[in-house]
**Student:** 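Following this message is one structure expressed as structure tokens.
What you see is a predicted model, and the numbers here were worked out from it, not measured in a lab. For the single chain, residues carry numbers from 1 onward in sequence order.
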Amino acid sequence: MEIQQIFTTQQELYRFLSNVITLGPKKELLDRFQGVYSELINEEADDDNLVKGIITIQKSLLGKDLASYEAVLNREYTRLFIGPGKPPVSPYASIYISAEPKPKLMDESTIEVRKQYLDSNIVMANMNSVPDDFLGAELEYINYLTMKSLELIEKAETEELGTLLQKQESFIKEQVITWIPQFAKSLLDSTTEDFFKGFALVLTGLVEAHISILEESVEA
């Protein structure tokens, strides 16, 4: 598979994950996912978390009335990430990587994430009301960098592309991968809904695959 096709697939998945964690599992997102990845439902996943996650989500959608299933998933989404009460899964990086005895939102690691956004001339929506290390924001940032990489590939601007790929690799290795495995485990342990189990698997598998392809691309 060519690098351009790989990045296009990754961008699609990052956008899906970001939208789900930010907006909730809306019917239009479920519809699109079901259509785009329908051919994978009968694949053998082996130990590939990405493929396993896609198949798990596809099977959770199979035969469902998606308008009704949206309501079921949104109730679970609210329980998992919002409350009432303390939600069982936090979608904020600082909760997992803070050195404080009692982790809190908006610590120094959150400020570092904001600096990286600003270095790419990105100002996140709701910047002053939603912490910058919110999972949806970090995934949207990677989606943006991947989109820019595709534009540079189209223009054959190899030097700028190399710089951008290094930026992606640095952000994923120094920030995203430091907490995503813990988040995914927490999600897997906290839900019985296969859709969200698949979400956790796709997330970990996508980040792992992205690191591999970035390492290969940067070395090349």
Side-chain angles (χ1 to χ4, degrees), residues 1-23 25-26 28-58 61 113 116-125 134-178 180-181 183-184 198-220:
M1 187 182 295
E2 292 185 0
I3 187 69
Q4 195 166 358
Q5 187 178 352
I6 292 172
F7 282 168
T8 299
T9 301
Q10 289 178 335
Q11 186 191 6
E12 175 79 28
L13 286 167
Y14 277 121
R15 186 165 55 239
F16 170 76
L17 295 173
S18 178
N19 282 334
V20 168
I21 198 66
T22 302
L23 306 172
K26 304 301 182 186
E28 55 268 27
L29 298 175
L30 308 181
D31 274 327
R32 179 167 178 79
F33 190 93
Q34 192 172 47
V36 171
Y37 302 104
S38 58
E39 294 181 0
L40 285 175
I41 196 166
N42 296 315
E43 292 286 329
E44 292 292 331
D46 297 322
D47 293 325
D48 188 328
N49 281 329
L50 179 54
V51 176
K52 191 185 300 182
I54 291 173
I55 293 171
T56 301
I57 292 176
Q58 283 286 32
L61 302 177
V113 172
Q116 295 203 47
Y117 296 162
L118 294 175
D119 184 58
S120 296
N121 297 315
I122 296 294
V123 177
M124 290 296 176
F134 171 57
L135 175 60
E138 293 196 1
L139 295 177
E140 183 57 33
Y141 178 58
I142 300 172
N143 174 53
Y144 168 81
L145 294 179
T146 306
M147 178 186 70
K148 289 297 182 184
S149 297
L150 285 166
E151 291 176 2
L152 293 173
I153 291 172
E154 285 281 353
K155 298 175 182 177
E157 296 182 4
T158 54
E159 187 173 339
E160 288 186 39
L161 175 62
T163 300
L164 190 57
L165 294 179
Q166 288 178 336
K167 179 178 286 190
Q168 288 183 62
E169 183 180 10
S170 174
F171 182 72
I172 294 174
K173 284 185 173 180
E174 295 175 12
Q175 173 61 26
V176 177
I177 201 64
T178 63
I180 288 302
F183 166 85
F199 180 100
L201 292 170
V202 170
L203 178 61
T204 53
L206 179 59
V207 170
E208 290 164 357
H210 200 167
I211 288 175
S212 294
I213 194 65
L214 286 172
E215 287 177 341
E216 292 174 10
S217 300
V218 170
E219 287 173 5

**Student:** Is a donor on one side and an acceptor on the other found under 3.5 Å between the side chain of Thr22 and the backbone of Asn19?
**Tutor:**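 Checked: no pair found.
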
**Student:** Measure across Ser38 and Gly35 and return the closest heavy-atom pair with its distance rounded to 0.1 Å.
**Tutor:**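 Heavy atoms only, the tightest pair is OG-O, 3.5 Å.
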
**Student:** Can you measure from CD1 (Ile21) to CD (Glu140) and round to the nearest 0.5 angstrom?
**Tutor:**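 With rounding to 0.5 Å, CD1 (Ile21) is 13.5 Å from CD (Glu140).
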
**Student:** Does any N or O in the side chain of Ser170 come within less than 3.5 Å of the main-chain N or O of Gln166, such that one atom is a donor and the other an acceptor?
**Tutor:**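 Such a contact is absent between Ser170 side chain and Gln166 backbone.
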
**Student:** Sequence neighbours left out, what pairs pass ring pair (Phe, Tyr, Trp, His ring centres under 6.0 Å) with at least one residue falling in residues 149-178?
**Tutor:**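 Ring pair (Phe, Tyr, Trp, His ring centres under 6.0 Å) check on residues 149-178 returns Tyr141-Phe171.
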
**Student:** Who passes side-chain hydrogen bond (donor to acceptor under 3.5 Å, both in side chains) against Thr8, sequence neighbours left out?
**Tutor:**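 In terms of side-chain hydrogen bond (donor to acceptor under 3.5 Å, both in side chains), with neighbours along the sequence ignored, Thr8 is linked to no residue.
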
**Student:** Would a 4.5 Å heavy-atom cut-off, applied to side chains only, mark Phe183 and Leu203 as touching?
**Tutor:**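 Result yes, sub-4.5 Å side-chain heavy-atom pair found.
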
**Student:** Would the distance check show the side chain of Gln58 and the main-chain N or O of Gln34 forming a donor-acceptor pair, the cut-off being under 3.5 Å?
**Tutor:**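 The answer is yes, because a donor-acceptor pair under 3.5 Å joins these two groups.
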
**Student:** Could you tell me which non-hydrogen atom of Leu145 sits nearest to which non-hydrogen atom of Ser120, and how far apart they are?
**Tutor:**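 The pair with the smallest heavy-atom distance is CD2-OG, 4.1 Å.
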
**Student:** Sequence neighbours left out, what passes side-chain hydrogen bond (donor to acceptor under 3.5 Å, both in side chains) with Gln175? Give chain and number order.
**Tutor:**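 For Gln175, the residues satisfying side-chain hydrogen bond (donor to acceptor under 3.5 Å, both in side chains) (neighbours in sequence not counted) are Glu138.
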
**Student:** What's the spacing between Gln11 CD and Thr9 OG1 if we round to 0.5 Å?
**Tutor:**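 Between Gln11 CD and Thr9 OG1, I get 10.0 Å after rounding to 0.5 Å.
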
**Student:** Quick one: pull up NZ in Lys52 and CD1 in Ile55 and give me the separation to the nearest 0.5 Å.
**Tutor:**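 Nearest 0.5 Å value for the NZ-CD1 distance: 9.5 Å.
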
**Student:** Which atom names give the shortest non-hydrogen contact between Gln168 and Ser149, and what distance separates them?
**Tutor:**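 The pair with the smallest heavy-atom distance is NE2-OG, 2.6 Å.
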
**Student:** Would you indicate whether the side-chain heavy atoms of His210 and Thr146 approach each other to under 4.5 Å?
**Tutor:**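 Answer yes - side chains close enough.
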
**Student:** Let me confirm one number: the CD-CD distance from Glu154 to Gln4, rounded to the nearest 0.5 Å.
**Tutor:**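 If I round to the nearest 0.5 Å, the distance is 4.5 Å.
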
**Student:** Quick one: does Val202's side chain get under 4.5 Å of Leu50's, heavy atoms only?
**Tutor:**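 Result yes, sub-4.5 Å side-chain heavy-atom pair found.
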
**Student:** Quick check: do Lys173 and Leu214 have side-chain heavy atoms less than 4.5 Å from each other?
**Tutor:**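 Heavy-atom side-chain distance check fails, nothing below 4.5 Å.
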
**Student:** Flag the pair Tyr37 / Glu12 as yes when at least one side-chain heavy-atom distance between them is below 4.5 Å, and no otherwise.
**Tutor:**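 They are in side-chain contact.
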
**Student:** Measure from the side-chain N and O atoms of Ser18 to the backbone N and O of Tyr14, and report whether any donor-acceptor pair falls under 3.5 Å.
**Tutor:**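 Judged by distance alone, no pair lies under 3.5 Å.
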
**Student:** If I take atom CD1 from residue Ile57 and atom CZ from residue Phe199, how far apart are they, to the nearest 0.5 angstrom?
**Tutor:**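 Going from CD1 on Ile57 over to CZ on Phe199, the span is 8.0 Å.
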
**Student:** With rounding to the nearest 0.5 Å, note down the distance linking CG in Leu61 to OG1 in Thr56.
**Tutor:**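 It comes to 11.0 Å.
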
**Student:** Which heavy atom of Leu164 sits nearest a heavy atom of Leu152, and at what distance?
**Tutor:**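 So the two residues come closest at CD2-CD1, 3.8 Å.
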
**Student:** Hey, does Glu151 have a side-chain heavy atom less than 4.5 Å from the side chain of Glu157?
**Tutor:**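 Sidechains of Glu151 and Glu157: no contact.
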
**Student:** When you compare the side chain of Phe134 with that of Leu139, does any pair of heavy atoms fall below 4.5 Å?
**Tutor:**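 Answer no - side chains too far apart.
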
**Student:** Can you find a heavy atom in the side chain of Ile213 that is under 4.5 Å from one in the side chain of Ser217?
**Tutor:**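 Answer yes - side chains close enough.
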
